[in-house]
Amino acid sequence: MAALTLRQEIRARVAAALAACNAEHEWNLPAELAFEVTRPRNPDHGDFSANVAMTAAAALRKSGVNLPPREVAAQIAGRLPKDGAMAAVDVAGPGFLNLKVAPAWFWDRVADTVLHPSRTGRLDVGQGRWIQVEFVSANPTGPLHFGGARNAVLGDGLARVMEACGYSVQREFYVNDAGAQFDLFVQSLLAACVQLHGGRAEFPPDGYRGAYMHEYAAAACERLGTDWLADAEGAADALRGPALDIVLEDVRSEISLLGIEFDQWFSERALHESGQVEAAIARLADQDAVYRAEGAVWFAASRYEGNDQDVVLVRSNGVPTYFAADAAYHWDKLRTRGFDRVLNVWSVDHQGHVPRMQALVEAMGLDRAKLKIVLYDLVKLVRDGNEVAMSKRSGSFLTLREVVAEVGSDAVRFMLLTRAPESVVEFDLARVVEQNPENPVYFVQYSHARLCSILVRAQAEGLLLPDADDIHGHLRIHLGHPAELELARLLTELGDQLLAALERSSPHNLTYYAMRIASAVNGFYRDCRVLDRSQPGLSGARLCLCDAARIVLARILHLLGVNAPASM
RNA sequence: GCCCUCGUAGCUCAGUUGGAUAGAGCACCGGCCUCCGGAGCCGGGAGCACAGGUUCGAGUCCUGUCGAGGGUACCA
């Protein structure tokens, strides 16, 4: 398993060269001078580019040494050892250090990928640390609407990225089965059950009225029989459990349409019933973070950074708020269960909740750095240019199930992961359906299928990949075409792309990376004939490149939760 | 009012945490099947809301203006 990505490796070399210059010339630069090694978009600028001379020159100027960046760059360049991974070094522009890697180095990486497919796209930065991703966690009051799909896809994408980076990941759904919304849902369902039996029932004023309530009511009545309705007072309590089961089964089956499964469904009600909510409040009181006012119990959030208002923990009627349960819940996550890190995926309408939550974690004496909250913006569902309303209570919304049925899981996942979490997504159903064959997801899948097809066909034609012990040398002899190099170079970005997706909590980087690879595969396919019985050596080498590209594409698609079909 | 996020091509969106000549898909126009999958390839037009500032260098950071969405509950 590669401990470092190629970019990290190059950066370490540059840092070492800088340190050598620093010592020799007594520049007195800080040991951790900030600089970047990037992949320049202009290929004339080499495979990697470092801005180290500019930042070093700026630091030197502050300490009275006036050395032009290009001069500093030249000094550092002189200290860089040359080998395959650093074949040429140029000083360019205002003082960029442009580094070129020898083609043979890329051929070796292609060979490594083919020899060890299970190692590609895996890093060990997580070192097995236990991390929880809590996502979706929609109120258990009905099917998920399409915003829930974005949450599901993003959360699962993040979980997959973290797994690939060496974390042990637990996926959790927090079930809000204790609040007013769930009560309202139960009351609404009760009314629907009564109506189902021909009785006259009053729907709660703001109750849930979607068509799905009739199906839920039928399912509930089937489980409970008919007698339970006779007991007018106990009916709601009797309904509570079955209602939760029914709605969670529905949600679970919807989520599974996207290929997602939760490891745990964590009940808010259980926190109340076990006394953990009270205990959490007591803990906050011990820290003097709690006071009484206006008959309610308050958390003094305003003492903490980013908060200007205090928050109610226990209402004046004695009922604890959702926020109090959140205290118990996060204590349970971070202390009782001991996750090294906890990631919550929330929609923007919870943004005001973020600083309060962080204050709460800090107030309980927990490390707030262990809690990371990823916010994503809403999905604006549009059909034929008109926005589709999404209100669960009125029932006028499009469910995740309906959208997946219409456009397919792969298209939904890929589409939702081509947007940065913080951007508003406009999802035009009519257009997605129309453009189905032109959808970028098929572009990537097609590229993968074509590679598979070539590899299968090669076998039929008796063209073979080189032997394992000969593969490195074989590729060095036969590869060299620019299209081959471009593809090989791109494939080596996988580690850095994965790391970027991890650090920035943005799996969408990977979708764009996959599209670039697919494009490079097409260019390679155009310019380089793979199957050629008159040149078995060249064919073998190019088959290796096909196989490596196939492995990397399949890996990325897996990380996105999208299928990688061998044929389409 | 205050706080957060966002204004990039006709449309939908990326932009490697401040890098060199800003990209992709769709749409539009023009080319490419004697050949491993044309769901493809090649070419073309068109863009960083506006005004300042910071510095070697700004789509990216700061301030202001305009515009969009969200938040500001003893709801969750």
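Below, chain A is the first sequence line, B the second, and so on; all start at residue 1. Note that the structure is predicted; figures quoted are calculated from it, not measured.
Aromatic ring orientation, A:His353 versus A:Tyr322: tilted (interplanar angle from 30° to 60°). By the 30° and 60° cut-offs, the orientation of the rings of A:Tyr304 relative to A:Phe299 is parallel. Relative orientation of the A:His350 and A:Trp346 rings is tilted, given thresholds of 30° and 60° on the angle between their planes. Using bins of under 30°, 30° to 60° and over 60° for the plane-to-plane angle, the ring pair A:Trp265/A:Phe173 lands in the parallel bin.
For the C1' atoms, the distance linking B:A58 with B:C33 amounts to 47 Å, nearest Å. Using atom P as the reference point in both B:C4 and B:C41, the two lie 43 Å apart (nearest Å). B:G1 and B:U55: their C1' atoms are spaced 36 Å apart (whole Å). Between B:A51 and B:A14, the two C1' atoms lie 27 Å apart (nearest whole Å). Here, B:G10 and B:G70 have their P atoms 26 Å apart, quoted to the whole Å.
For the pair A:Asn522 (side chain) and A:Ala520 (backbone), a donor-acceptor distance under 3.5 Å is absent. Between the side chain of A:Arg529 and the backbone N or O of A:Leu531, at least one donor-acceptor pair lies under 3.5 Å. Distance alone, capped at 3.5 Å, is enough to place a donor-acceptor pair between the A:Ser539 side chain and the A:Asp532 backbone. Judged by distance alone, with hydrogens and angles left aside, the side-chain atoms of A:Thr5 form a donor-acceptor pair with the main-chain N or O of A:Gln8 at under 3.5 Å. Put simply, the side chain of A:Arg489 never gets that close to the backbone of A:Phe106: no donor and acceptor are under 3.5 Å apart. Of the possible polar contacts, none joining the A:Arg150 side chain to the A:Leu416 backbone as a donor-acceptor pair under 3.5 Å is found. Of the possible donor and acceptor atoms, none in the side chain of A:Asn98 sits under 3.5 Å from a partner among the backbone N and O of A:Gly46. Formation of a donor-acceptor pair under 3.5 Å by the A:Arg70 side chain with backbone atoms of A:Gly93 is found in this model.
Both A:Ala449 and A:Asp44 lie near RNA chain B, and the one whose nearest nucleotide falls closer to the 5' end is A:Asp44. Where A:Ala50 and A:Arg39 meet RNA chain B, the nucleotide closest to each residue was compared, and A:Arg39 sits on the side nearer the 5' end.
For A:Thr38 and B:G19, a side-chain-to-base donor-acceptor distance below 3.5 Å is absent, hydrogens and geometry of angles not being considered. The base of B:A22 does not come close enough to the side chain of A:Asn42 for any donor and acceptor atom to sit less than 3.5 Å apart. For A:Ser49 against B:A20, a side-chain N or O and a base N or O form a donor-acceptor pair under 3.5 Å.
With a glycosidic angle no further than 90° from 0, B:U17 counts as syn.
Residues of residues 55-63 of chain A that place a heavy atom closer than 4.0 Å to RNA chain B, in numerical order, are A:Arg61. RNA chain B lies under 4.0 Å from at least one heavy atom of each of the following residues of residues 290-308 of chain A: A:Glu294, A:Ala296.
Distance, A:Gln535 CD to B:C36 P: 17 Å, rounded to whole Å. Protein atom CD of A:Glu422 is 13 Å distant from nucleotide atom P of B:C13, rounded to whole Å. One interatomic measurement links the two molecules: OH of A:Tyr446 to P of B:C36, which rounds to 11 Å at whole-angstrom precision. When rounded to the nearest whole Å, the span between CG of A:Asp206 and P of B:C75 equals 14 Å. Rounded to whole Å, the distance from CD on A:Glu426 to P on B:G25 is 20 Å. The CG atom of A:Asn509 sits 9 Å away from the P atom of B:U16 (whole-angstrom rounding).
At the heavy-atom level, A:Phe323 lies nowhere under 4.0 Å from the strands shown. At a threshold of 4.0 angstrom between heavy atoms, the contacts of A:Arg504 include nucleobase atoms, whether or not backbone atoms are also involved. Counting any heavy atom pair closer than 4.0 Å across all strands shown, A:Ala53 reaches no nucleic acid atom. Within 4.0 Å (heavy atoms only), A:Met54 reaches at least one base atom of the nucleic acid. Base contact: A:Cys528 has a heavy atom under 4.0 Å from a base atom. Here A:Pro94 lies in heavy-atom contact (under 4.0 Å) with a base. Nucleic acid contact class of A:Arg457 (heavy atoms, under 4.0 Å, all strands): sugar-phosphate only. A:Ser567 comes within contact range of at least one nucleobase, with a heavy-atom separation under 4.0 Å. No contact: A:Val311 has no heavy atom under 4.0 Å from any strand. The residue A:Glu461 sits apart from the nucleic acid: no heavy atom pair falls under 4.0 Å. If you check every strand for non-hydrogen atoms under 4.0 Å, A:Ser316 touches a base.
With respect to the salt-bridge test (charged N to carboxylate O, under 4.0 angstrom), the residues A:Asp496 and A:Arg39 qualify. A:Lys333 has no carboxylate O lying under 4.0 Å from a charged side-chain N of A:Glu172, or vice versa, which leaves the two without a salt bridge. Salt-bridge annotation for A:Arg240 and A:Asp183: present, with a side-chain N of the basic residue lying under 4.0 Å from a carboxylate O of the acidic one.
A:Gln276 is not listed as a side-chain neighbour of A:Trp331, based on a closest heavy-atom distance of 4.5 Å or more. Taking 4.5 Å as the limit, every side-chain heavy atom of A:Gln309 sits out of range of all side-chain heavy atoms of A:Trp298.
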**Which nucleotides of RNA chain B pair, in dot-bracket form (Watson-Crick or G-U under 3.5 Å, | meaning another strand)** = (((((((..((((.....[...)))).(((((.......)))))....(((((..]....))))))))))))....

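Taking every side-chain heavy atom of A:Ser453 into account, B:G37 is the closest of B:A39, B:G37, B:C36. Comparing B:A20, B:A14, B:A39 by their closest approach to the side chain of A:Ala92 singles out B:A20. Looking at the side chain of A:Arg419, the nearest of the listed nucleotides B:C13, B:A76, B:U16 is B:C13. For A:Gln181, the side-chain atoms get nearest to B:C75 when compared with the rest of B:A20, B:C75, B:C13.
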**Prompt:** Between A:His145 and A:Leu381, does a side chain to side chain contact (heavy atoms under 4.5 Å, CB included) hold up when you go through it step by step?
**Reply:** CA-CA 10 Å; A:His145 61 53; A:Leu381 209 49; over 6 Å; no

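Within a 6.0 Å sphere centred on CD of A:Gln459, heavy atoms belonging to other residues, nucleotides or ligands number 12 at most.
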**Item:** Protein-to-nucleotide contact annotation, 5' to 3' order, nucleotides 41-48 of chain B [B base; S sugar-phosphate only; - none; under 4.0 Å, heavy atom]
**Value:** SS------

Close N/O contacts between protein and nucleotides 57-59 of chain B (under 3.5 Å):
none

Listing time: all N or O pairs from protein to nucleotides 69-72 of chain B that are below 3.5 Å?
{"unit_1": "B:G70", "atom_1": "N2", "unit_2": "A:Gln351", "atom_2": "OE1", "d": "2.5"}
{"unit_1": "B:G70", "atom_1": "N3", "unit_2": "A:Gln351", "atom_2": "OE1", "d": "3.4"}
{"unit_1": "B:U72", "atom_1": "O2'", "unit_2": "A:Gln309", "atom_2": "NE2", "d": "3.0"}

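Using modelled atom types, one finds a donor on one side chain and an acceptor on the other under 3.5 Å when comparing A:Asp410 with A:Gln445.
Stacking between A:His508 and B:A14 is absent: the aromatic ring centre is not both under 5.5 angstrom from the base six-membered ring centre and within 30 degrees in plane angle.
Proximity of the aromatic rings of A:Phe524 and A:His481 is defined here by a centroid distance below 6.0 angstrom, and this criterion is not met.
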